[in-house]
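Here the structure comes first, spelled out in structure tokens, and everything after it is commentary.
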Amino acid sequence: MWHRFPVGVRTWFGIELNPISHTERLISAVGGFLGIFFVLLASWAVLGDRSAALLIVDSMGASAVLLFGVPHGTLSQPWALIGGHSVSAVIGVACAMLVPNPFVGAALAVGLSIGGMHYLRCIHPPGGASAITAVIGGPAVHALGFGYLFAPVLLNVAIMLVTGIGVNWFFAWRRYPAGL
């Protein structure tokens, strides 16, 4: 279908025409399912509040797309995953504690997280969601304070990382991390 669009239109929109096999798509989907299923179990166990757990899982859903959809991408690699979520979680909690206005705090958390990830060379877009969740996550998330970094964020990151390695290990063309 996309090949019918003029090249200039495809280029402007960034539509990629590289063929992806049905097997590749299926592996990506199964990996995403497994990663999020395990993360949901862990988040509910840690937080107890299902609505707060669902907010936290949002950022992991975006990480799942990267880890399983583009496992060799720069933004999918372990340092990006671990560093991006970590620095963003710390910045988000600090903004939640120090900035009384949640609109300003949320915006500041995301902006500072982007800057922090740039300087630490760990750009991982879902980290922005970890930052904003620390600010707008509600009482269950706020009660965690900086513990939010360890459980659920780093716990979920570890689950995603192990699942990413495990799912992709069986397929030589999908080794994760890319260095393997």
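In this chain, residues are counted from 1 in sequence order.
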- Query: How far apart are the C-alpha atoms of H72 and W173, what are their side-chain angles, what is the distance that settles it, and do they pass the side chain to side chain contact (heavy atoms under 4.5 Å, CB included) test?
  - Reply: CA-CA 10 Å; H72 295 127; W173 73 94; 5.8 Å; no
- May I ask you to check if R175 and W169 form a cation-pi contact, with NZ or CZ under 6.0 angstrom from the six-membered ring centre and within 45° of the axis?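 Because its charged atom sits under 6.0 Å from the ring centre and within 45° of the axis, R175 does stack over W169.
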Please name the pair of heavy atoms, one in [X] and one in [Y], separated by the smallest distance, quoted to 0.1 Å.
X: P177; Y: I165; result: CD-CG1, 4.1 Å
X: L155; Y: A42; result: CD2-CB, 3.8 Å
X: H124; Y: L75; result: ND1-O, 2.7 Å

- Report the C-alpha distance between T163 and F68 in whole Å, list the side-chain angles of each, state the deciding distance to 0.1 Å, and finish with yes or no for side chain to side chain contact (heavy atoms under 4.5 Å, CB included). CA-CA 9 Å; T163 306; F68 300 105; 3.8 Å; yes
- Item | ring-ring contact (aromatic ring centres under 6.0 Å, His included) contacts touching residues 126-167 (sequence neighbours left out) |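 The answer is none; no pair qualifies.
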- Distance in Å, L41 CG paired with W44 CH2, rounded so as to fall on 0.5 Å steps: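 L41 CG to W44 CH2: 7.5 Å, rounded to 0.5 Å.
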- Message: Which residues pass the ring pair (Phe, Tyr, Trp, His ring centres under 6.0 Å) test with F33, not counting sequence neighbours?
- Response: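 Listed in chain order: F37.
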- Item | T133 and D58 side chains, donor-acceptor separation under 3.5 Å |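 Per modelled atom types, D58 and T133 side chains form no pair under 3.5 Å.
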For residues 80-89, tabulate all N or O donor-acceptor pairs below 3.5 Å that involve a side-chain atom, not counting sequence neighbours.
residue	atom	partner	partner atom	Å
H85	ND1	S130	OG	2.7
H85	NE2	S63	OG	2.8
S86	OG	I82	O	2.7
S88	OG	G84	O	2.7
S88	OG	G127	O	3.3

- Task: In sequence, state the C-alpha distance, the side-chain angles, and the governing distance for L154 and L149, and then conclude on side chain to side chain contact (heavy atoms under 4.5 Å, CB included).
- Result: CA-CA 6 Å; L154 283 177; L149 168 64; 3.9 Å; yes
- Query: Does the Q77 side chain pair with the main chain of P71, one donor and one acceptor, at a distance under 3.5 Å?
  - Reply: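 Yes, the answer is positive, given that a donor and an acceptor are paired below the 3.5 Å cut-off.
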- Message: Other residues, nucleotides and ligands only: do more than 12 of their heavy atoms fall within 6.0 Å of CZ on R121?
- Response: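 At most 12 heavy atoms, drawn from other residues, nucleotides or ligands, come within 6.0 Å of this atom.
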